[in-house]
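Throughout, numbering of the chain's residues begins at 1 and tracks the sequence.
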Amino acid sequence: MNSRNRVVVVGVASNFRRAKNIKKSLRKMRLLLGQLEISQLTKSADFSGKGAFYWNVVVKFKSRLPIKQIKTLMKGIESSCGRLKQSKELGCVSMDLDLLLREDTITERFCLLDRGLPDNLPLVSSLAELFSFQELLSVDPLIERSLKNLDRERF
């Protein structure tokens, strides 16, 4: 593995005790990963229709850790915020941390880690705060469509 820092992007979402859980998760991420770039807060519907609306932020950071280890850290943070395995089915998600993008250490381009990302306008909107238009276009051609359709008024 290349030992240089690479950029990793995580989506942070909560529809239960939103402020408390998002603050707690960001505090833990800072403690474990160091400096974070954080997008503004957005609101989104629960697309399953089972629960309340979500608050979302996107977090960008640099790390030498392998993605598998970062994923394990994110699961631990979710658990510390009260996340249960059946949370989504119950419609009550205290914390949802999704790996969205990572920088490839060889090509230095961004790799999409969440195939649903291009269709998630609140997350694309938040990404647009942390990345240039060109950087986002290089991730996935579908993001271009989302950027063109982005209507910030909806959020």
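- Going from atom CE of Met74 over to atom CE of Met95 covers 11.0 Å, rounded to the nearest 0.5 Å.
- Asn15 contributes a side-chain N or O that, together with a main-chain N or O of Val93, makes up a donor-acceptor pair within less than 3.5 Å.
- In terms of modelled atom types and a separation under 3.5 Å, the side chain of Asp114 and the main chain of Leu99 share no donor-acceptor contact.
- Taking CE of Met29 as the start and CG of Leu31 as the end, the distance is 12.0 Å to the nearest 0.5 Å.
- Within the 3.5 Å criterion, the main-chain N or O of Lys75 finds a donor-acceptor partner in the side chain of Ser79.
- In this structure, Val124 is a member of the same hydrophobic cluster as Phe133, with clusters built from ILVMFWY side-chain heavy atoms closer than 4.5 Å.
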Quick one: do Asn21 and Ser94 satisfy side chain to side chain donor-acceptor pair (under 3.5 Å)? Show the steps, please.
CA-CA 6 Å; Asn21 287 317; Ser94 57; 4.7 Å; no

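- A cation-pi arrangement is absent between Arg30 and Phe61, since the terminal nitrogen or guanidinium carbon is not both under 6.0 Å from the aromatic centre and inside a 45° cone about the axis.
- Put simply, the side chain of Arg102 never gets that close to the backbone of Phe110: no donor and acceptor are under 3.5 Å apart.
- A distance of 8.5 Å separates CG in Asn56 from OG in Ser39, rounded to the nearest 0.5 Å.
- The main-chain N or O of Leu100 is never found under 3.5 Å from a side-chain atom of Asp98 such that the two would form a donor-acceptor pair.
- Cation-pi geometry between Lys60 and Phe131 is satisfied (NZ or CZ under 6.0 Å from the ring centre, within 45° of the ring normal).
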Using side-chain contact (heavy atoms from CB on, under 4.5 Å), reason through Ser126 and Val57 one step at a time and then give a plain yes or no.
CA-CA 7 Å; Ser126 295; Val57 295; over 6 Å; no

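- Using a 4.0 Å cut-off between a side-chain N of Lys or Arg and a carboxylate O of Asp or Glu, Arg83 and Glu78 qualify as a salt bridge.
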